[in-house]
Amino acid sequence: PLSNRVIPPLGKTCCQIKSELLQIKTVLTRDFKKFGMTNIKFFFEQNDAPAAGIAFHVRGGTEGLFFIDNVREQVAGIARRAANTNPVFQ
């Protein structure tokens, strides 16, 4: 969920940050939906590092850290892993 406690980096307002996070959520949700994934949850965290990275929690493990500019290229593989119901890969 988008938090009201987001502290904007220099040069950005809270509204700009929330707008960017909503855009990330919207685009990735749409991308995952193309591969049959509809139960997507988002958690946004901010620290003092001026960078944006995305990690995915899938089947008890974490995939990534992907940079924002190439994360969409990873969606197909992540969706395949999430959809795999073989107990060996759980």
Straight-line distance of [X] [atom1] to [Y] [atom2], nearest 0.5 Å:
X   : Y   : atom1 : atom2 : result
I40 : T38 : CD1   : OG1   : 7.0 Å
T26 : R30 : OG1   : CZ    : 7.5 Å
E63 : I54 : CD    : CD1   : 14.0 Å
I24 : S19 : CD1   : OG    : 10.0 Å
Q74 : F56 : CD    : CZ    : 8.0 Å

Practice item. Would you name the heavy atoms of T62 and A55 that are closest together and state the gap between them? Key: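 Smallest interatomic distance, heavy atoms only, reads CG2-CB, 3.9 Å.
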Open item on the list: When you compare the side chain of L28 with that of F42, does any pair of heavy atoms fall below 4.5 Å?
Closed with: yes
Would a 4.5 Å heavy-atom cut-off, applied to side chains only, mark F32 and I78 as touching?
yes
Problem set entry | hydrophobic_cluster_shared for F66 and I68, side chain cutoff 4.5 Å |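 Linked, I68 and F66 end up in one cluster.
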| request: Is it possible for you to say whether V27 and V71 belong to one hydrophobic cluster, with membership spreading through side-chain heavy-atom contacts below 4.5 Å? | output: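 Shared cluster, no.
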